[in-house]
A.B. asks: 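Quick one: the structure is below, and I'll ask about it shortly.
Each chain gets a letter, A, B and so on, in the order the sequences are listed, and its residues count up from 1.
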Amino acid sequence: MYIMTDISGKKPRRVTLKMIAEQTGFTINTVSHALNGKSDISARTTEIIKRKAQEMGYINDMTASALRSGFTKTIALILPNVANPFWAVLIKGINLELYRAGYTSLIMDTDENSHLEYRAVQSAISRKVDGIIICPNQLDTKAIQLIEKHRIPYIFLGRKFEDFPANYVIWDDENGGFLATSYLLSLGKRKILFLNGPRHISSSAERFRGYCRALASYQIPYDPALVAETTISAAGDNNDLLQILKQDLDFDAIFAFSDFIAWEIMVLLPKLKQVDISQIPIIGFDDIQSDLRLPLPFTTIGADKTLEVRQVVQSLLKIIKDPDSDTCYQIIMPTHLVFHNQPEGWAAPH
DNA sequence: GATGAACCTGCACCGATACT
DNA sequence: AGTATCGGTGCAGGTTCATC
């Protein structure tokens, strides 16, 4: 390791291109080009410079690089709740995909809070990120307007706005809601409690649409008393879910907005009511278990997350590469039923 | 000597901040 | 208020060398 000192001989200084240039006899530019693998530098020169850089312990100064090039090779990942394993799984996949493309990520949690979302976007802009992947809270559009104002390439993940065109990768939530509800109906259940997320969120609205469509296909009248909205933020406790379950509702099956909520219900319900939980089928949404491999018997709605992650990263990188392109990336991932660890002899209904 | 490719260099510039 | 500084890069242009 090469430790440089200043004139007073006190402070260690980081190795710069200038120092490598002095050591090798080439100019700063040649050193820069060689280290960046530019084709206009001979293999022999590149080899000499790279060896010296390694010997001196050179690490590229990203802020200086960004100053001139305008690119930081950083993508902001602004998500509503990183404590939810669903998002943790997606973060892991996105990180890997970004790493392969030579990018690093800046992860920020908004907790479904507008103020935090706005602050996260401000922070991303101040750090000159090259692009933003955001799952908007949809309470307002201030943060999105800020991104637009600064002309930062971005893409929505998981949610979309109906009223303005933007790039997004989402699940087919309407179909997911339909499949989940149809599955419970196929078991002979007729009073399906739908514990949805807040209706201002596009995925909640779509899943509700699917729920209604499934009821209609079985000619079952829609009962508003059997649809409730619950908090989905990380900071929120189980309070509103608790209040809903405490009510004297007459239901024989539950469709939960997410696996996370479904698991909470599985814990809370036996504590609150004298019910045999095995007689009340519960279906979740997100298919976390495919990634976490928990031994729970569980039914849920899933989609190809590996493909989803690839689609969102590759689309954003294309937007960054060609920001003036008219191409709009609006990708809807197909959803399907997933059955985990069902008892022996059990068969999924058709 | 003309030509062109390969290789390398010099200038200008990025934005925030310290200094004059 | 104006200037210098930090480290790195885009671009234009200069030098060298091989080939005809």
A.B. asks: Tell me, with the steps shown, if A:Gln311 and A:Ser315 meet side-chain hydrogen bond (donor to acceptor under 3.5 Å, both in side chains).
C.D. replies: CA-CA 6 Å; A:Gln311 296 276 30; A:Ser315 300; 4.8 Å; no
A.B. asks: Reckon A:Ser65 touches a base, only the sugar-phosphate, or nothing at all at heavy-atom distances under 4.0 Å?
C.D. replies: sugar-phosphate
A.B. asks: Find the distance A:Lys38:NZ to B:dA6:P and express it as a whole number of Å.
C.D. replies: 17 Å
A.B. asks: Could you tell me the separation between the CD1 atom of A:Ile20 and the C1' atom of B:dC8, rounded to a whole number of Å?
C.D. replies: 17 Å
A.B. asks: Using a cut-off of 4.0 Å on non-hydrogen atoms, how would the nucleic acid contact of A:Thr63 be classed: base, sugar-phosphate, or nothing?
C.D. replies: nothing
A.B. asks: Is the shortest side-chain N to carboxylate O distance from A:Glu174 to A:Arg207 below 4.0 Å?
C.D. replies: no
A.B. asks: Is A:Thr16 close enough to C:dG7 that one of its side-chain N or O atoms is under 4.0 Å from OP1 or OP2 there?
C.D. replies: no
A.B. asks: Which letters describe nucleotides 10-18 of chain B, given B = protein heavy atom under 4.0 Å from base, S = only from sugar-phosphate, - = neither?
C.D. replies: BBBBBB---
A.B. asks: What bend angle does the helix from B:dG1-C:dC20 to B:dT20-C:dA1 show across its length, from five-pair end axes and to the nearest 10 degrees?
C.D. replies: 50°
A.B. asks: To the nearest angstrom, how far is A:Arg44 atom CZ from B:dA6 atom C1'?
C.D. replies: 15 Å
A.B. asks: Strictly under 6.0 Å, is that where the ring centroids of A:Phe339 and A:Tyr183 end up?
C.D. replies: yes
A.B. asks: A:Glu22 CD to B:dT9 P: how many Å, rounded?
C.D. replies: 14 Å
A.B. asks: With a 4.0 Å cut-off on N to O distance, would you call A:Glu47 and A:Arg44 a salt bridge?
C.D. replies: no
A.B. asks: Do the side-chain N or O atoms of A:Ser42 get closer than 4.0 angstrom to the phosphate oxygens (OP1, OP2) of B:dA6?
C.D. replies: no
A.B. asks: So does A:Asp252 pair up with A:Lys189, basic N to acidic O under 4.0 Å?
C.D. replies: no
A.B. asks: Would you kindly give the CZ-to-P distance between A:Phe26 and C:dT9, to the nearest whole Å?
C.D. replies: 17 Å
A.B. asks: Please report whether the ring centroid of A:Trp263 lies less than 6.0 Å from that of A:Phe257.
C.D. replies: no
A.B. asks: With heavy atoms under 4.0 Å as the rule, sort A:Phe71 into base, sugar-phosphate or nothing.
C.D. replies: nothing
A.B. asks: Salt bridge check: are A:Glu308 and A:Lys305 linked by an N-O gap of less than 4.0 Å?
C.D. replies: no
A.B. asks: Give me the one residue out of A:Arg190, A:Lys191, A:Lys273 that meets salt bridge (charged side-chain N to carboxylate O under 4.0 Å, His left out) with A:Asp250.
C.D. replies: A:Lys191
A.B. asks: Are the aromatic ring centres of A:Phe285 and A:Phe86 under 6.0 angstrom apart?
C.D. replies: no
